[in-house]
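Taking it in order: structure first as structure tokens, then the write-up.
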Amino acid sequence: MTMTERPAGPTEKESACCARHGEHAGRPGAEPPEPARERINRRWNELLQETRVTQTGVQILFGFLLSVAFTPLFRELETPDKVIYVMTVVFGAAATGSLIAPVSIHRFLSGQRMKDEVVKAAGRLMVCGMVLLALTIGCTLLLILRFVVPGVLAEVLVAGVMLWFGLCWYVLPLRLRRRAARRAQREEA
């Protein structure tokens, strides 16, 4: 049965579960509790989707970075720019490793009844990979802007972009999580 074919009312299993846990009583529109197995499968599927998005981006960026060293202008880079380039490539390689690691972990542990542990480890690796990806993008931007923009404006622009990444990728989700936790506490009280 697909999501669109789901019955309008609760199934017998959901009704029994709700009655047993005292959920949704008097809460219109509340979702039924999610069984642990369904929750871990959903979390794994969501993680796979997130991995697909980030892997593609980091692999394209990393491929671009590898090709830069073979261009004629690369030889003309000053030492600070070469250092930034090396840091960028290392961050890109590390990000690639972190973002592909969930696939490897899954392959090695598939069938071992360890999905909960796999999802937790993969989630941590994804967060680590996202930090490394942000650093890779920031260093790439710095390397490019140092050629295009005069003075310290390049560093200021990169700092602004990195601040934006921090706000969008980390501060906002953590703020939303705290808000949801406070709302859940009020509803329980």
Side-chain angles (χ1 to χ4, degrees), residues 2-3 31-70 80-146 154-155 157-185:
T2 64
M3 293 294 269
E31 294 182 21
E34 185 178 31
R37 184 177 193 94
E38 285 181 26
R39 186 186 85 252
I40 199 70
N41 286 333
R42 177 189 47 79
R43 288 181 59 213
W44 177 249
N45 288 330
E46 289 171 355
L47 191 67
L48 285 178
Q49 290 297 83
E50 294 164 1
T51 301
R52 286 183 187 111
V53 171
T54 54
Q55 279 179 354
T56 302
V58 76
Q59 287 171 339
I60 291 169
L61 179 58
F62 189 58
F64 163 76
L65 289 171
L66 292 178
S67 68
V68 168
F70 300 103
D81 292 324
K82 286 185 179 179
V83 169
I84 293 170
Y85 174 77
V86 168
M87 289 173 45
T88 304
V89 170
V90 169
F91 286 144
T96 301
S98 290
L99 295 171
I100 293 176
V103 175
S104 177
I105 291 171
H106 179 262
R107 184 55 24 224
F108 277 98
L109 300 177
S110 181
Q112 300 296 312
R113 298 181 187 271
M114 298 177 63
K115 192 175 269 186
D116 198 28
E117 292 88 352
V118 168
V119 169
K120 287 177 186 173
R124 288 184 189 116
L125 284 163
M126 287 291 295
V127 170
C128 179
M130 295 296 290
V131 169
L132 291 166
L133 178 58
L135 290 171
T136 304
I137 294 170
C139 286
T140 302
L141 192 59
L142 181 61
L143 192 60
I144 292 168
L145 290 179
R146 284 174 54 99
E155 287 83 0
L157 291 171
V158 170
V161 169
M162 296 306 291
L163 179 64
W164 179 249
F165 278 7
L167 289 171
C168 293
W169 290 6
Y170 303 103
V171 173
L172 178 61
L174 291 173
R175 186 172 179 204
L176 292 172
R177 180 192 287 180
R178 271 192 237 119
R179 186 182 300 166
R182 277 188 248 129
R183 186 174 39 233
Q185 285 176 345

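Here, residue 1 is the first one in the sequence, and each next residue gets the next number.
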Check: So does E46 pair up with R42, basic N to acidic O under 4.0 Å?
Finding: yes
Under 4.5 Å between any side-chain heavy atoms of [X] and [Y], yes or no?
X: V58; Y: T136; answer: no
X: L157; Y: L141; answer: no
X: T88; Y: V68; answer: no
X: Y85; Y: D81; answer: no
X: R179; Y: L176; answer: yes
X: E117; Y: L109; answer: no
X: Q59; Y: I100; answer: yes

Checklist line | Atom NZ of K82 with >12 non-hydrogen neighbours under 6.0 angstrom | finding: yes
Notebook entry, point to check: With a 3.5 Å cut-off and no angle check, do the side chains of Q185 and R182 form a donor-acceptor pair?
Noted result: no
Roughly how far, to the nearest 0.5 Å, is the [atom2] atom of [Y] from the [atom1] atom of [X]?
X: I40; Y: M114; atom1: CD1; atom2: CE; answer: 12.0 Å
X: M87; Y: T140; atom1: CE; atom2: OG1; answer: 11.0 Å
X: R175; Y: L167; atom1: CZ; atom2: CG; answer: 10.5 Å
X: E50; Y: N45; atom1: CD; atom2: CG; answer: 11.0 Å
X: L143; Y: L65; atom1: CG; atom2: CG; answer: 8.0 Å
X: F91; Y: L135; atom1: CZ; atom2: CG; answer: 4.5 Å

Note to self: Treating S98 as the side-chain partner and A95 as the backbone partner, does any N or O pair qualify as donor plus acceptor under 3.5 Å?
What the structure shows: no
Margin query: Does anything in residues 101-146 form a ring-ring contact (aromatic ring centres under 6.0 Å, His included)? List the pairs, not counting sequence neighbours.
Written below: W44-H106
Check: Of the non-hydrogen atoms in F62 and V89, which two are nearest, and what is the gap between them?
Finding: CE1-O, 3.5 Å
